[in-house]
Amino acid sequence: MTDIAATMHAPDHAVAEKPKLDSPSNPIVMILFFGFLAAGILYMAYSVYVDVDAAGAQTTTILPYLLLFVALLIALGFEFVNGFHDTANAVATVIYTYSMPAPVAVVWSGFFNFLGVVLSSGAVAFGIISLLPVELILQVGTSAGFAMVFALLFAAIIWNLGTWWLGLPASSSHTLIGSIIGVGIANALMHGQDGTSGVDWGKATEIGYSLLLSPLVGFFAAALLLLVLKFVVRNPALYREPKGNQPPPWWIRGTLIATCTGVSFAHGSNDGQKGMGLIMLILIGTVPTAYALNRALPASQMEEFRMTSEAAAAVVQQKAAGHSIIGNPRPADSAFVSRRKIDEGTYPSLSVLIQDIAKQVAEYGSFARIPASAVGNTRNDMYLASEAIRFLMKDKENDLSKEEVAKLSAYKASLDSATKFIPLWVKVAVAIALGLGTMVGWKRIVVTVGEKIGKVHMTYGQGACAEVVAAGTIAAADMYGLPVSTTHVLSSGVAGTMAANGSGLQWATVRNLLMAWVLTLPAAIMLSATLYVLFVNMF
């Protein structure tokens with residue numbers, strides 16, 4: 001009788017089922033997974049061997065290569081953790097709206113993360129590196145340089161694993177940037193400087209604003225989009241729980257799959273590059289002969305380098321008229337890059353440095369012919385000059401004309417083509433790590449996004465609106481160079497659609513999410529600063 005009564009009072013549509021997130025282990029899938037993992041490691045090792053051999057590097061001990069191998073595995077481990085930590089950005093909505101089965105969605109996302117990394121430009125890779133203290137970049141092969149890299153990686157991995165274990169979708173990008181700030185502060189304090197001198201606080205301020213604004217953007221944009229969708233498409237089925245495990249209408253399903261694909265690809269192309277930049281630092285520090293300079297540049301670019309160098313030298317020499325530098329110009333250039341304040345020695349020291357670089361390149365004729373004993377110094381000079389020009393052009397107090405800025409920009413581009421490059425094997429190794437990571441450990445955060453933000457099951461309309469806002473945010477961030485977290489936007493977007501639909505929010509989860517987002521920067525700063533001091537003393 002009880003069953004009959006329950007049936008009589010049941011609603012006219014079936015209660016939504018929870019998607020099946022667990023599936024039995026398939027031996028073939030496991031073989032393929034570990035096969036790709038092993039192939040990636042072997043490909044990485046072989047590529048390093050070929051590059052080092054082609055560069056003519058010689059060593060009397062295997063220790064640098066052991067250190068290199070361990071450092072590369074840790075860097076790829078960061079990307080692996082980044083993969084499964086951020087999978088929910090792309091797959092949570094397609095899984096909980098039954099647009100794709102969980103195993104298919106995860107593999108789909110992993111594949112497009114892989115493609116995003118391989119097809120990325122590499123520009124973001126060195127953007128994140130430019131936030132590091134210049135003196136550590138120039139000494140990346142020293143104990144302090146390795147302490148910096150290991151502190152960054154371990155701090156980011158620890159925080160990512162901690163938030164993943166708690167099922168909290170925090171931002172991996174903000175974690176890494178917080179780690180960079182921590183290393184900068186610790187390095188400055190250890191050298192008796194003000195803790196603010198080792199940090200690009202302009203970039204840190206941008207990140208702080210994004211931490212504050214991105215959840216608000218996601219919440220209100222997704223809520224508004226859902227309200228607009230309700231007004232335009234008056235189909236009640238889109239705004240209530242699915243019937244059983246029934247997929248949404250084809251156009252909603254297509255939208256969700258398309259945005260899942262876009263978010264996965266964009267995540268790979270953006271977040272994957274951060275690992276590339278750190279790997280290049282490791283390679284430059286351990287085997288500078290092979291990786292300090294881009295030996296693959298064609299001979300035609302050497303003439304272009306000569307022309308841009310002459311044009312830039314003329315601009316700087318004109319600004320330096322009446323002043324001269326006696327001795328080594330590099331300390332003055334390093335001081336300018338660190339403090340970003342133009343004084344009477346800025347232009348003269350930069351003028352001498354540009355002339356020194358031109359002499360070094362002209363002496364050997366091409367980057368490939370620069371001997372192993374000189375390649376590290378040439379690379380450091382090029383990097384220092386590039387950074388000095390970058391800050392010089394950003395300084396609002398300089399009196400550079402548009403024509404002069406154009407000449408300096410062309411010279412900087414020539415310097416960057418020689419020092420800021422990503423070998424194909426680095427892209428492939430990072431792509432494999434990020435792609436495979438996407439397929440592992442994703443369940444914790446997917447469950448949080450799909451089940452623990454709202455009080456009821458996610459509707460088709462909610463999933464579509466949250467994912468469209470996340471994809472649109474990525475596009476806007478790439479277009480305008482804004483440091484916005486897709487993780488924050490998607491999670492808060494789901495919360496916004498729940499509020500707009502009258503579904504209710506689980507405030508305990510919302511509170512935990514906000515705490516994790518607020519604590520990400522200070523926690524990463526403290527972790528990396530502590531680890532940096534520890535590693536410097538250890539090494």
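Predicted model only: the values in this text are computed from it and were never measured.
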query = Do Leu350 and Ile389 touch side chain to side chain, with heavy atoms closer than 4.5 Å?
reply = yes

query = Heavy atoms, side chains only, cut-off 4.5 Å: are Leu434 and Phe84 in contact?
reply = no

task = Would you check if Val426 and Leu283 make a side-chain contact, meaning some heavy-atom pair closer than 4.5 Å?
result = yes

Euclidean distance, Glu387 CD relative to Leu415 CG, rounded to 0.5 Å = 10.5 Å

message = If we ignore hydrogens and angles and just use 3.5 Å, is the side chain of Ser269 paired with the main-chain N or O of Val117 as donor and acceptor?
response = no

ask   = Does a salt bridge link Lys427 with Glu79, judged by any charged N lying under 4.0 Å from a carboxylate O?
value = no

Step-by-step side-chain contact (heavy atoms from CB on, under 4.5 Å) determination, Phe265 to Asn113 = CA-CA 5 Å; Phe265 185 88; Asn113 267 280; over 6 Å; no

remark   = ring-ring contact (aromatic ring centres under 6.0 Å, His included) filter on Phe112, not counting sequence neighbours, yields Trp108

request  = Kindly write out the residues that satisfy salt bridge (charged side-chain N to carboxylate O under 4.0 Å, His left out) with Asp356, not counting sequence neighbours, or none if the list is empty.
outcome  = Arg330

For Trp517, ring-ring contact (aromatic ring centres under 6.0 Å, His included) partners two or more places apart = His488

query = Below 4.5 Å, heavy atoms only, C-beta onward: do Ile354 and Ser309 meet side chain to side chain?
reply = yes

inquiry  = How close do Phe80 and Leu436 get, counting heavy atoms only, and between which atoms?
reply    = CE1-C, 3.8 Å

request  = State whether the side chain of Ser334 and the backbone N or O of Pro331 hold a donor-acceptor pair below 3.5 Å, judged by distance alone.
outcome  = no

inquiry  = If only side-chain N and O atoms count, and only distance matters, is there a donor-acceptor pair under 3.5 Å linking Ser414 with Thr308?
reply    = yes

ask   = Does Ile357 reach the side chain of Met382, with side-chain heavy atoms less than 4.5 Å apart?
value = yes

query = Does the Thr163 side chain pair with the main chain of Asn160, one donor and one acceptor, at a distance under 3.5 Å?
reply = yes

task = Could you pull out the closest heavy-atom pair between Met439 and Gly110, with the gap in Å?
result = CE-CA, 4.1 Å

request  = Kindly say whether Thr438 contributes a backbone atom to a donor-acceptor pair with the side chain of Thr87 at under 3.5 angstrom?
outcome  = yes

key: Heavy-atom side-chain proximity of Phe336 to Leu392 below 4.5 angstrom   = yes

task = Grab the two heavy atoms, one from Ala292 and one from Arg379, that are nearest each other, plus how far apart they are.
result = O-CG, 2.9 Å

task = Apply side chain to side chain donor-acceptor pair (under 3.5 Å) to Ser351 and Gln355, showing your working.
result = CA-CA 6 Å; Ser351 174; Gln355 293 175 56; 3.1 Å; yes

inquiry  = Can you confirm whether Phe421 is buried at CZ, in the sense that more than 12 heavy atoms of other residues, nucleotides or ligands lie under 6.0 Å from that atom?
reply    = yes

inquiry  = Donor-acceptor check, side chain of Lys274 to backbone of Leu176, threshold 3.5 angstrom: yes or no?
reply    = no

ask   = Would a 4.5 Å heavy-atom cut-off, applied to side chains only, mark Leu152 and Tyr532 as touching?
value = no

Would you give me the side-chain donor-acceptor pairs under 3.5 Å for residues 40-51, sequence neighbours excluded?
residue : atom : partner : partner atom : Å
Ser47   : OG   : Tyr43   : O            : 2.8
Asp51   : OD2  : Tyr291  : OH           : 2.6
Asp51   : OD2  : Trp425  : NE1          : 3.1

note = Rounding to 0.5 Å, atoms CE (Met393) and CG (Leu408) come to a distance of 6.0 Å

message = Using 0.5 Å steps for rounding, measure from the CZ atom of Phe36 to the CD1 atom of Ile432.
response = 8.0 Å

task = Taking all heavy atoms of Cys260 and all of Glu467, pick out the closest pair and write down the distance.
result = N-CG, 4.1 Å

Verdict with supporting geometry, Phe535 and Met538, side-chain contact (heavy atoms from CB on, under 4.5 Å) = CA-CA 5 Å; Phe535 289 154; Met538 284 177 57; 3.9 Å; yes

request  = Measure the spacing between CD1 of Ile180 and CD1 of Ile185 and express it to the nearest 0.5 Å.
outcome  = 12.5 Å

task = Without swapping roles, check the side chain of Ser409 against the backbone of Val405 for a donor-acceptor pair under 3.5 Å.
result = yes

query = So, does Trp159 use its side chain to make a donor-acceptor pair with the main chain of Leu527 at under 3.5 Å?
reply = no

query = For Met307, does the CE atom have more than 12 heavy-atom neighbours from other residues, nucleotides or ligands under 6.0 Å away?
reply = no

message = For Thr289 and Val52: C-alpha separation, side-chain torsions, deciding distance, then whether side-chain contact (heavy atoms from CB on, under 4.5 Å) applies.
response = CA-CA 7 Å; Thr289 305; Val52 171; over 6 Å; no

remark   = Residue set satisfying salt bridge (charged side-chain N to carboxylate O under 4.0 Å, His left out) with Arg295, at least two apart, ordered chain then number -> none

message = Using 0.5 Å steps for rounding, measure from the CD1 atom of Ile137 to the OH atom of Tyr383.
response = 4.5 Å

key: Heavy-atom pair with the smallest gap, counting every atom of Leu490 and Ala470   = CD1-CB, 3.9 Å

message = Using every non-hydrogen atom in the two residues, find where Asp86 and Asp271 come nearest and quote the distance to one decimal.
response = OD2-OD2, 3.4 Å

query = In Å, rounded to the nearest 0.5 Å, how long is the span from OG of Ser528 to CZ of Phe154?
reply = 13.5 Å

request  = State plainly whether the residues Glu363 and Lys359 are in salt-bridge range, i.e. N to O under 4.0 Å.
outcome  = no

query = Are Ile95 and Trp442 side-chain neighbours, meaning at least one heavy-atom pair lies under 4.5 Å?
reply = yes

query = side-chain contact (heavy atoms from CB on, under 4.5 Å) between Met276 and Ser120: does it pass, once the steps are laid out?
reply = CA-CA 11 Å; Met276 291 181 204; Ser120 63; 3.3 Å; yes

inquiry  = Please enumerate all residues that pass salt bridge (charged side-chain N to carboxylate O under 4.0 Å, His left out) together with Asp333, with sequence neighbours excluded.
reply    = none

